[in-house]
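Because only heavy atoms are used, hydrogens play no part in the values below, and waters and symmetry mates are left out as well, while side chains stay in.
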Amino acid sequence: MNEQYVGFEEFVTRGRSAERARALHGALQRLAGGGHGDVLQEMARDVLTGRIGLRDALRVGAYAEALGEGTRALRTAWLALPEEERARQLEEARRVLAQPAAAQDARPY
């Protein structure tokens, strides 16, 4: 099923820069690709195709629950990392988010 996805521009808001919108868009694309559960895949596809807005998706009980579970698992994995690795990954995330849009386009998701 080849659905047309909205661009990252749809996620730029007053409180969300283009760089952060690109990161959000990439995360949604990864979720839509599968491997993180059927509920999150469905939610990401619904948001990326414009069938539901991001804020509205967060109000859907099943979506919110799945995101909460995923967030708890990520936090547990993050805390299990050695402090040096967390610092390295945090610096890498800051570096990527600070890159101009053209450099981010070259990155594989």
Side-chain angles (χ1 to χ4, degrees):
M1 171 166 56
N2 285 336
E3 297 176 299
Q4 186 67 33
Y5 288 164
V6 298
F8 80 92
E9 302 86 1
E10 295 293 321
F11 301 103
V12 176
T13 64
R14 186 178 302 195
R16 186 181 306 121
S17 67
E19 290 79 17
R20 290 181 186 257
R22 283 179 185 277
L24 173 59
H25 191 259
L28 287 167
Q29 287 178 313
R30 287 188 294 280
L31 289 173
H36 300 282
D38 293 343
V39 174
L40 290 178
Q41 183 177 29
E42 176 185 308
M43 183 268 316
R45 285 181 176 169
D46 284 350
V47 171
L48 286 170
T49 58
R51 284 192 291 269
I52 189 170
L54 184 59
R55 287 185 186 196
D56 290 333
L58 296 175
R59 292 184 183 114
V60 174
Y63 294 167
E65 184 178 327
L67 284 167
E69 289 172 9
T71 301
R72 282 188 291 281
L74 283 173
R75 183 175 190 279
T76 299
W78 175 257
L79 293 175
L81 290 173
E83 189 172 330
E84 299 80 21
E85 179 61 14
R86 287 196 310 257
R88 188 192 69 72
Q89 289 190 20
L90 185 58
E91 183 56 35
E92 173 66 10
R94 286 183 176 138
R95 185 187 64 73
V96 167
L97 288 173
Q99 288 178 355
Q104 289 187 11
D105 286 341
R107 288 186 306 111
Y109 280 104

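Distance check, rounded to the nearest 0.5 Å: NE2 of His25 to CZ of Phe11 gives 5.5 Å. Taking CD1 from Ile52 and CD from Glu42, the interatomic distance works out to 9.5 Å, rounded to the nearest 0.5 Å. Put simply, CD on Glu10 and CG on Leu48 are 10.5 Å apart, with the number rounded to the nearest 0.5 Å.
With sequence neighbours excluded, the residues satisfying side-chain contact (heavy atoms from CB on, under 4.5 Å) with Ala44 are Leu28, Leu31, Ala32. Every residue two or more places apart in sequence or in another chain that forms a side-chain contact (heavy atoms from CB on, under 4.5 Å) with Leu81 is listed here: Trp78, Glu85, Arg86, Gln89.
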For this session: Start with the C-alpha distance between Leu24 and Arg16, add both sets of side-chain angles, then the distance that settles side-chain contact (heavy atoms from CB on, under 4.5 Å), and finish with yes or no.
Result: CA-CA 10 Å; Leu24 173 59; Arg16 186 181 306 121; 3.8 Å; yes
For this session: Begin from the C-alpha positions of Leu67 and Leu40 and carry the test side-chain contact (heavy atoms from CB on, under 4.5 Å) through to its verdict.
Result: CA-CA 7 Å; Leu67 284 167; Leu40 290 178; 3.6 Å; yes
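Residues Leu58 and Tyr63 have side chains not in contact (no heavy-atom distance under 4.5 Å, counting atoms from C-beta outward).
A salt bridge links Arg95 with Glu92: the distance from a Lys NZ or Arg NE/NH1/NH2 to an Asp or Glu carboxylate oxygen falls below 4.0 Å.
Atom CD of Glu9 is surrounded by more than 12 heavy atoms from other residues, nucleotides or ligands within 6.0 Å.
The minimum heavy-atom distance between Ala21 and Val12, with the atom names listed, is CB-CG2, 3.6 Å. Taking each heavy atom of Ala62 and Val39 in turn, the nearest pair found is O-CG1, 3.5 Å. Of all heavy-atom pairs between Val47 and Ala57, the closest is CG2-CB, 3.7 Å.
Annotation: salt bridge (charged side-chain N to carboxylate O under 4.0 Å, His left out) contacts involving residues 51-61, sequence neighbours excluded, comprise Glu3-Arg51, Asp46-Arg51, Asp56-Arg59.
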